[in-house]
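Order of appearance sets the numbers: ligands from 1, and atoms from 1 within every ligand. Computed from a predicted model, the values in this text were never measured in an experiment.
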Amino acid sequence: MSQASESSVADTSVDAGRLEALLTRVDEASTLYESSVRRQDDALFALARVSGAKHLAVLGASPPAFDIAASIDDGRRTLFLCPCTAENARQLRSRFPWTAPTPLGRTTAIGCGDRLGLATPGHIRACRETGAVPVLAQQSIREMERTGRSPQDVLDDVTWAVFQEGYTAGYGADADHLKSEADIDACLAAGYTMYTIDPSDHVQNDADRLEGKELTSRFRALPWDALGTTPADCLDRYTGAPISVGDGERSLEVEFSPTSLKRAAVKYGAALSHTRALAEYLAEAYRAHRPDEDYDLEMSVDETDTPTRPREHYFVAAELNRLGVEVTSLAPRFVGDFEKGIDYRGDLDAFEDAFRAHVTIARSQGGYKLSIHSGSDKFSVYPILGAHAGAHLHLKTAGTSFLEALRIPARHAPDLFREMVEYAFDRFEDDRKTYHVTTNLDAIPAPADVPDPALEATYLEDNNGRQLLHITYGSLLSGDGRTSSVRERLFALLNDHEEEHYEVLRLHFVAHIETVGEMTVHERAGPASS
Ligand code: ZN
């Protein structure tokens, strides 16, 4: 995607020296991010930290088409300092198209959610090293509400970070867990390229316990008009004889009795009609506003009470096909526990059996990717994911980057870290309600009792401590009252230890990607990174 007149740092070093000299005249403590330096036409562009804030620095003869905060010249050329605003991020994406997200289609990818807006360079470094394809902007509406960031803020932070790292290989932007048309509108306007529709509020988790008349009446009460079929036709399509799925070694048979079909339909029927409605709304919005662009679509039912059986997955996939909803990825609720921030809990053999069946169904029903939510830190299942679906995988992580960032205060600001732990204890019972965790608070020592050198291991290497901090991030970051100074001090500290922060993230993500294994060997789309 690089333009003919654009080049990276190698042949710009002479001008980069002049740029750095001018930056130093503005602020002696300024930093130039060397990977960001690029020449386009007659100007030099780079990201710099000046007077404590990141700016786009442009060295050129005339003012660039960015909002400019300050300028200084050395008699020959002028240095323009442009603040990292939303408008300037938009300009940057248009001038350097590789800083904008793209659809990734069925390429295996890793979702790198970042609740702070500071983690992306660490994610990029891990993906560069391993060859993995990243979704760098990935935030659920719930996370955005809890962290006080808009869809635009999330995408803009990523835009600047991609520029900072000079990462030209392309990335995705996932508007995660969308539940309404308003959610879609906000993310579409911001420029996302992947939309994850979450119809879990419409999943009927009690379907498995229904029998006889009640089951039949709930089945008959489904939104059949919206589903474009009838109860009789639905029964006809799936019952009577086993359905063979896939071929060769991986093939399997799916069998529905009238009772199991009705249960599958009751469980997922309303969710399917909701998904179809939002998918059509999205398609229409693209036709109206971004007619030349493609996008990725996911349906996620991971946040439901009961696992999605392979049979139910087949039903959902076959119905999506019948309804003409084409997904790039689908997130079932897998067997066992995918708790936040810690390894898988459950029977690995049972997981592998079910996962193989899910893979066969996904391949036979359109070849979409299986999407693994709460996918961070599941080191015991990664080899299984890689072996069966390495080329068709979407692994989403989010809160784990926040936990990794907390290593910095645990190492360098023990009092701030203790304060965060205390506040997390206060907030835990309220904040846990929307999360799937089994944290044992009694097993976590009080921070006052833990010596400085043991803080990191006690809270960040321990399942209970990790979950305590993982699910209270919203309270810790909300910036209201008691936490406002915590937020400010954490951000200042992470900026002071910027490279170390990126390094803990790089290590953590390389470990994830390499344990999955297969993620790293696939040719990636787009030009190689510079
Ligand atoms: Zn999820």
- Query: Distance below 2.8 Å from the Zn ion (ligand 1): how many protein N/O/S atoms qualify?
  - Reply: 3
- Are Phe315 and Tyr268 close enough that their ring centers fall under 6.0 Å? no
- Note on the structure: For Asn205, the side-chain contact (heavy atoms from CB on, under 4.5 Å) test, sequence neighbours excluded, returns Val203, Thr304, Asp305, Thr306
- Could you tell me which residues satisfy side-chain contact (heavy atoms from CB on, under 4.5 Å) with Asp353, sequence neighbours excluded, listed by chain and number? none
- Message: By the ring-ring contact (aromatic ring centres under 6.0 Å, His included) test, which pairs, at least two apart or in different chains, include something from residues 109-139?
- Response: His123-Phe509
- State whether Phe402 and Arg115 meet the cation-pi test: NZ (Lys) or CZ (Arg) under 6.0 Å from the six-membered ring centroid, and within 45° of the perpendicular axis. no
- Taking every non-hydrogen atom, the tightest pair across Glu303 and Ser200: O-CB, 3.6 Å
